[in-house]
Amino acid sequence: MADTQRSRDDDAGEAEPMRRPGSVPRAVARLRPPGFGRSRAWRSPLRGPWLTSVFSLGLLIGLPIVALTGLLSYVAYGPRFGQAHPVDVGWLHLPLFDWPTRPAWIYRLTQGVHVIGGPMLVPLVLAKLWSVLPKLFAWPPVRSIAHALERLSLIGLVGGILFELATGVLNIQYDYVFGFSFYTAHYYGAWVFIAALVVHLALKLSAMVRALRSRSLRTELRTSRADTGPEPVDDELVAVAPGPPTLGRRGALGLVAGGVAMVGVLSAGQTIGGAARKAALLLPRGRSAGDRPGDFQVNKTAVAAGVDPARTGTNWRLRLTGARSRSLDRAVLLGMPQHTAELPIACVEGWSTTRRWTGVRLRDLAALAGVPDPAYAHVASLQRHGAFRAAYLQADQVLDPDALLALRVDGVDLPLDHGFPARVIVPGLPGVHNTKWVASIEFGRHA
Ligand SMILES: Nc1nc2c(c(=O)[nH]1)N[C@H]1C(S)=C(S)[C@@H](COP(=O)(O)O)O[C@H]1N2
Ligand SMILES: [Mo]
């Protein structure tokens with residue numbers, strides 16, 4: 001309060017730095033550029049440790065969920081087959097386990113949460129950054145070694161979250177537009193952010209809890225704009241010369257919560273489906289779907305993948321290798337026992353769609369190749385170029401009774417863009433490994 005009083009008398013329009021630097025020479029304090037220190041330019045009466053801590057609490061709940069589901073996606077890609085990127089992550093590798101095939105919607109859930117949850121945090125991240133903006137202009141910029149380390153960790157924290165959100169959102173919207181590998185950058189970026197978050201939490205958690213206890217959320221939600229005043233604490237976030245509130249704390253919280261909810265509503269439909277799909281305006285790749293059977297989202301068309309339609313005609317053969325080789329045409333495959341399963345395709349980009357697939361069980365094909373108990377399968381496409389033209393499947397992904405080489409979908413022959421003459425569909429598998437336009441499958445007996 002005394003501080004506030006002093007600043008009112010400060011004709012220069014700048015308040016004195018809150019704390020007189022002890023270890024830092026007074027000269028540095030006097031070098032303060034305009035706008036730095038406890039500037040009168042920050043006039044919002046809403047800024048203060050309590051509001052910042054409420055935003056922090058929201059992020060503390062949301063960020064681990066998004067980070068964990070992101071890391072799970074890395075495991076789901078099957079790093080031990082060299083399929084996840086970056087391939088070699090050194091000591092940053094995660095405890096690996098066989099990604100389950102059950103429940104069939106597991107990847108749809110984890111990746112849906114990751115891709116919808118990430119963008120939902122954008123309004124919250126922006127609100128939190130807004131709430132701590134004055135700290136960016138603290139003067140002196142560094143007060144002690146501990147303070148220097150704290151500020152350094154903020155580069156990783158703020159830089160990390162903005163980088164993850166930007167690369168993630170761009171990837172969902174624009175399909176690998178980077179000059180670098182999206183997966184590699186997003187993976188390492190996540191670890192930079194996680195490390196900085198751990199440091200930040202160690203330094204700030206107790207202050208956050210204290211600030212949260214300083215006011216009652218219930219009271220704030222009942223306080224009107226007119227009755228909203230600055231937080232009555234001596235803190236560098238609190239304005240020295242607060243202006244009148246243009247928004248109450250209730251309004252600010254409502255605005256941010258509304259923003260979070262809006263992003264959710266405008267994107268969740270791409271995986272929930274049904275009528276909600278039409279509302280998924282923010283993530284348009286999962287929105288379009290026609291009415292005819294087999295008319296649903298296409299990740300990459302045959303043309304885009306460079307698949308020559310001439311090679312998908314009557315001269316197409318499926319080549320099986322293992323203990324023995326087989327070459328089967330589509331009529332032979334259709335003559336084998338057919339199995340139908342309702343399974344989702346769940347893309348890493350967050351969209352998904354559940355369809356009725358009919359085809360031959362992969363385990364029947366494994367038996368035909370003389371490897372009834374395979375350690376893995378390597379599926380290759382007719383597609384000649386591109387990262388998604390081949391994939392490894394784990395043993396359980398081959399042996400699951402619903403794991404299919406699909407020949408039909410929704411009661412019709414597979415459309416060319418969905419992988420005609422045959423494609424893989426396996427419960428719980430990330431979309432990318434449901435290889436389309438399959439040309440060959442190798443069943444391996446040893447991993
Ligand atoms: N050969 C091949 N198979 C592929 C792809 C591809 O680019 N080439 N894309 C994969 C990806 S990323 C997804 S999400 C699914 C999408 O299947 P759909 O296009 O039939 O919806 O196919 C997968 N199979
Ligand atoms: Mo995908």
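Since the model is a prediction, treat every value here as computed from it, not as a measurement. Counting starts at 1 for both ligands and their atoms, in listed order.
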(request) Consider every N or O of Asn299 and every N or O of ligand 1, then say whether any pair is closer than 3.5 Å. (result) yes

(request) Give the atoms of ligand 1, by number and element, whose distance to some non-hydrogen atom of Trp351 is under 4.0 Å. (result) 21 (O)

(message) With a 4.0 Å cut-off on N to O distance, would you call Arg361 and Asp364 a salt bridge?
(response) no

(message) Using a strict threshold of under 4.0 Å (side-chain N to carboxylate O), is an ion pair present between Arg408 and Asp413?
(response) yes

(request) Measure from atom 24 (N) of ligand 1 to every heavy atom in Asp417, Val307, Asn434 and give the option owning the shortest one. (result) Asn434

(message) With heavy-atom distances below 4.0 Å as the criterion, list the atoms of ligand 1 near Cys347.
(response) 14 (S)

(request) State plainly whether the residues Glu231 and Arg215 are in salt-bridge range, i.e. N to O under 4.0 Å. (result) no

(message) I need the atoms of ligand 1 closer than 4.0 Å to a non-hydrogen atom of Trp437, numbered in the order shown.
(response) 1 (N), 2 (C), 8 (N)

(request) Counting heavy atoms only, name the option from Lys300, Arg423, His433, His418 that's nearest to atom 17 (O) of ligand 1. (result) Arg423

(message) So does Thr314 get a backbone contact from the side chain of Arg317, meaning a donor-acceptor N/O pair under 3.5 Å?
(response) yes

(request) State whether the number of non-hydrogen atoms from other residues, nucleotides or ligands found under 6.0 Å of Arg102 atom CZ is greater than 12. (result) yes

(request) Considering heavy atoms of the protein only, find what lies nearest to atom 11 (C) of ligand 1 and give residue, atom and distance to 0.1 Å. (result) Val432 CA, 3.6 Å

